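Structure, as structure tokens:
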Amino acid sequence: MASLKQHTLGGLNLKTSPLNNEGQILRALNVERDLNGAWQKRPGYVTYLGTPDNAQVTSLFSWRQNDDTLITYRKSGGTLYYSTAGTGSWTIAGGGTLTAASHVGNIVLDNVIILGDGTAATRHSVGTTAGAAGTSFTNTSGAPLAEHFSEYQGRVWAARGTAVMGTNTDMFYSTVGTATDWTTDSSSIRIPGAGRINSLYKVGGNLVPTKDSGLIFTFDGYNLLDNSNNFGPSSPYSIGSFADAKFFLNRRGVFQHLGGVPQLKSTPVEKQIFNNAGSGIAGTVFDNAPGVVHKYNYLLGVGTVTDDLTSYTIPDCVLRYDIRGDEWSNWKFAHRPYSFHSYRDRVGIDQLVFGDNGGQCYQLSGTATSDAGAAIEVQLMGVIHGNSLEEKDWRYLRGMFNPGNKAKLQISLSDTFTPRTLKWQDLGDARDGVVEYHFPNGSRGVFLFWKAYEFSDTSRFECLGFEYEAELVTHG
């Protein structure tokens, strides 16, 4: 006998069988969870400051000095720019000539910022007490050429990285208590094993050097330990921090590192990272994909990907991991991100900015419904099967949305799980907040696929879930 059942919406999962989990989502483009657990359209963004050049923005970072002065920085072309409080115009920093197309790393110790790109001279700026604090940089005498920096036990640690060919297997440390003295009590430690050092970060109270071979080591100030795995970051620019955890991209997926062996987090979206069709993340993108943690989201720019389950292609895809909800979705910005940065502004609000390939930066905005004027495409797709592979006589479907949205709903009945070759039937728009459909007699199938989609630069979209009525068909 037919009965009314609820179909709640889970997270994006392209790996495990949807037959094991009613509510599993096969497509989740440009959506995030709201407080009630519904899927809603993600925030849009606006332009962030101007375009001092037309080069790719390879690095974005900020420095809050001891007197609460805030400066944001961008590296594009061969030039370092700064903006006072993140609102002033981009201005070329004194001593800001660096290597074209390089990435810039930095760290702050005792109100001094030190930075480098691994090719040009490492340099620093003293905060608060200097008249040009943070706006002009001086070459740091004795400091190694370095791109990767970390502060550990009162010292700056630095490694050259992979910007140039060579051994690049040493991590150097400054004299304790200073970022500018690299002679008095300064030396280096050789990191063994294959590959070159490609990142330095802290986890679990230890310093962690990694290599582009994936090797991970742990240094506690006295002993260097080999973690005996190769799950380290392939792209140092993908590393994002959440409390004491680090998230990053490896060629086997996205990992979370809390110390010891990193834990794989990306199984649900594995088919977008690598797959048998070879349509996952492009090989070279693994080396330089940008990532960031903003609030409870880990965002990772991976370029164009196509999963081999639904054959759905997402140009300029941003993989989004909801740390709090432990689930995935896909974002696609109108402008591909080549660098990310999350920082807290002068009024205490967390801001996310990113840079594109043409010299423009953008800022995520909770009130924006477009991507700097471009419409945002939203798609949700799932399958209803009632936890049974028996054929069903479908009677009724109701979809619940927010009133005033511009979404449309489609369905497709199928006896086989073939999301690549479905023939869709339009049920109309969802602007009233409810879409109801009574199936014609004889509407039979094992699976009811559904798709909600919107393409708008003005409205908000929210999908709360579905109710349906179906009766199992008895044969024989």
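Please read these numbers as outputs of a predicted model, since none were measured by experiment. Heavy atoms only: backbone and side chains are in, while hydrogens, waters and symmetry mates are out.
- Side chain to side chain, Asn330 and Gln272 meet the donor-acceptor criterion of an N or O pair below 3.5 Å.
- A donor and an acceptor atom, one from each side chain of Gln56 and Asn357, are located under 3.5 Å apart.
- One distance of note links CG of Leu319 with OG of Ser329; it measures 9.0 Å at 0.5 Å rounding.
- Listed here is the closest heavy atom pair of Ala194 and Ser213: O-OG, 2.7 Å.
- Interatomic distance, CG of Leu29 versus CZ of Arg42, reported as 8.0 Å (0.5 Å rounding).
- Not one N or O on the side chain of Asp393 forms a donor-acceptor pair closer than 3.5 Å with the backbone of Glu471.
- How far CE of Met400 is from CG of Leu9: 12.0 Å, rounded to the nearest 0.5 Å.
- Between the side chain of Asn250 and the main chain of Asn230, a donor-acceptor pair closer than 3.5 Å is present.
- Each of His7, Glu469, Glu436 was scored for a side-chain hydrogen bond (donor to acceptor under 3.5 Å, both in side chains) with Arg398, with one residue passing: Glu436.
- Side chains of His257 and Pro233 form no contact here, defined as non-hydrogen atoms less than 4.5 Å apart.
- Leu80 has its side chain within reach of Leu115: a pair of non-hydrogen atoms, C-beta onward, lies under 4.5 Å apart.
- Side-chain polar atoms of Ser459 and Lys41 form no donor-acceptor pair below 3.5 angstrom.
- Side-chain contact check for Gln360 versus Thr47: some heavy-atom pair is nearer than 4.5 Å.
- Counting only distance, with no hydrogens or angles, the side chain of Asp212 and the backbone of Asn198 share no donor-acceptor pair below 3.5 Å.
- Trp450 pairs with exactly one of Val383, Leu380, Leu26 by the side-chain contact (heavy atoms from CB on, under 4.5 Å) rule, that one being Leu380.
- Formation of a donor-acceptor pair under 3.5 Å by the Gln263 side chain with backbone atoms of Val261 is found in this model.
- To the nearest 0.5 Å, atom CG of residue Leu448 and atom OH of residue Tyr468 are 9.0 Å apart.
- The closest side-chain heavy-atom distance from Thr369 to Ser456 is not below 4.5 Å.
- Under 3.5 Å, the side chains of Gln256 and Tyr321 contain no donor-acceptor pair of N or O atoms.
- Taking the charged nitrogens against the carboxylate oxygens, Lys406 and Asp457 have no contact shorter than 4.0 Å, which rules out a salt bridge.
- Contact check on Lys332 versus Asp371 returns no salt bridge, with no Lys/Arg side-chain nitrogen under 4.0 Å from an Asp/Glu carboxylate oxygen.
- For Asp322 and Lys295, the salt-bridge test fails: no basic side-chain N is under 4.0 Å from an acidic carboxylate O.
- Annotation: the span from Leu225 atom CG to Ile216 atom CD1 amounts to 13.0 Å, rounded to 0.5 Å.
- Nearest heavy atom pair, residue Arg460 against residue Ala368, reads NH2-O, 3.5 Å.
- A ring-ring contact (aromatic ring centres under 6.0 Å, His included) with Tyr45 is found for one member of Phe340, Tyr362, Trp331 and no other, namely Tyr362.
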Next on the checklist: Before you tell me yes or no, could you show the steps for Asn206 and Thr218 under side-chain hydrogen bond (donor to acceptor under 3.5 Å, both in side chains), namely the whole-Å CA-CA distance, both residues' side-chain angles and the distance that decides it to 0.1 Å?
Outcome noted: CA-CA 6 Å; Asn206 296 313; Thr218 298; 5.3 Å; no

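- Annotation: side chain of Trp328 is in contact with side chain of Ser266 (closest heavy-atom distance under 4.5 Å).
- Atom CD1 of residue Ile281 and atom OG of residue Ser235 lie 10.0 Å apart, to the nearest 0.5 angstrom.
- Using cut-offs of 30° and 60° for the angle between ring planes, the Phe417 and Phe449 rings count as tilted.
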Checklist entry - Is there a salt bridge (charged side-chain N to carboxylate O under 4.0 Å, His left out) between Asp307 and Arg27 once you walk through the steps? => result CA-CA 10 Å; Asp307 73 84; Arg27 188 174 301 166; over 6 Å; no

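- There is a side-chain donor-acceptor pair under 3.5 Å between Gln351 and Asp345.
- Nearest heavy atoms, Phe401 versus Ala452: CE2-CB, 3.9 Å.
- Side-chain contact between Glu151 and Lys202: present, with at least one pair of heavy atoms (C-beta onward) separated by less than 4.5 Å.
- In plain terms, the two heavy atoms of Thr304 and Asp316 that are nearest each other are OG1-N, 3.5 Å.
- Of the residues listed (Phe149, Phe219, Tyr201), the one engaging Trp157 in a ring-ring contact (aromatic ring centres under 6.0 Å, His included) is Phe219, and it is the only one.
- With hydrogens and angles left out, the side-chain atoms of Thr284 and Asn288 include no donor and acceptor closer than 3.5 Å.
- Using cut-offs of 30° and 60° for the angle between ring planes, the Phe242 and Tyr296 rings count as tilted.
- Atom NZ of Lys15 is surrounded by 12 or fewer heavy atoms from other residues, nucleotides or ligands within 6.0 Å.
- For Asn106 and Tyr73, the side-chain atoms include no donor-acceptor pair closer than 3.5 Å.
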Checklist entry - For His341 and Val57, what are the C-alpha separation, side-chain angles and deciding distance, and is it a side chain to side chain contact (heavy atoms under 4.5 Å, CB included)? => result CA-CA 11 Å; His341 180 54; Val57 182; over 6 Å; no

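- In this structure, Lys211 and Gly195 approach most closely via the heavy-atom pair NZ-O, 3.2 Å.
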Next on the checklist: Is there a side chain to side chain contact (heavy atoms under 4.5 Å, CB included) between Lys75 and His103? Walk through the geometry before answering.
Outcome noted: CA-CA 7 Å; Lys75 160 66 171 54; His103 293 78; over 6 Å; no

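- Taking all atoms of both residues into account, the shortest heavy-atom contact from Ile25 to Gly10 is CG1-O, 3.1 Å.
- With contacts defined as side-chain heavy-atom distances shorter than 4.5 Å, the pair Cys361/Leu49 does not qualify.
- Residue-environment remark: CG (Asn276) stays at or below the threshold of 12 foreign heavy atoms within 6.0 Å.
- Salt-bridge annotation for Arg444 and Asp415: absent, with no side-chain N of the basic residue lying under 4.0 Å from a carboxylate O of the acidic one.
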Checklist entry - Should Arg252 and Leu264 be marked as a side chain to side chain contact (heavy atoms under 4.5 Å, CB included) after you check the CA-CA gap, both sets of side-chain angles, and the distance that decides it? => result CA-CA 8 Å; Arg252 299 181 187 180; Leu264 182 67; 5.5 Å; no

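- The cationic group of Arg33 lies under 6.0 Å from the six-membered ring centre of Trp39 and within 45° of the ring axis, placing it in a cation-pi geometry.
- In this structure, Asn441 places its CG atom where only 12 or fewer heavy-atom neighbours from other residues, nucleotides or ligands lie under 6.0 Å away.
- By the 30° and 60° cut-offs, the orientation of the rings of Phe255 relative to Phe248 is parallel.
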Item to check | Evaluation steps, side chain to side chain contact (heavy atoms under 4.5 Å, CB included), between Tyr48 and Trp90 | outcome: CA-CA 10 Å; Tyr48 179 75; Trp90 291 121; 3.7 Å; yes

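- Between Ser238 and Tyr298 there is a side-chain heavy-atom pair separated by less than 4.5 Å.
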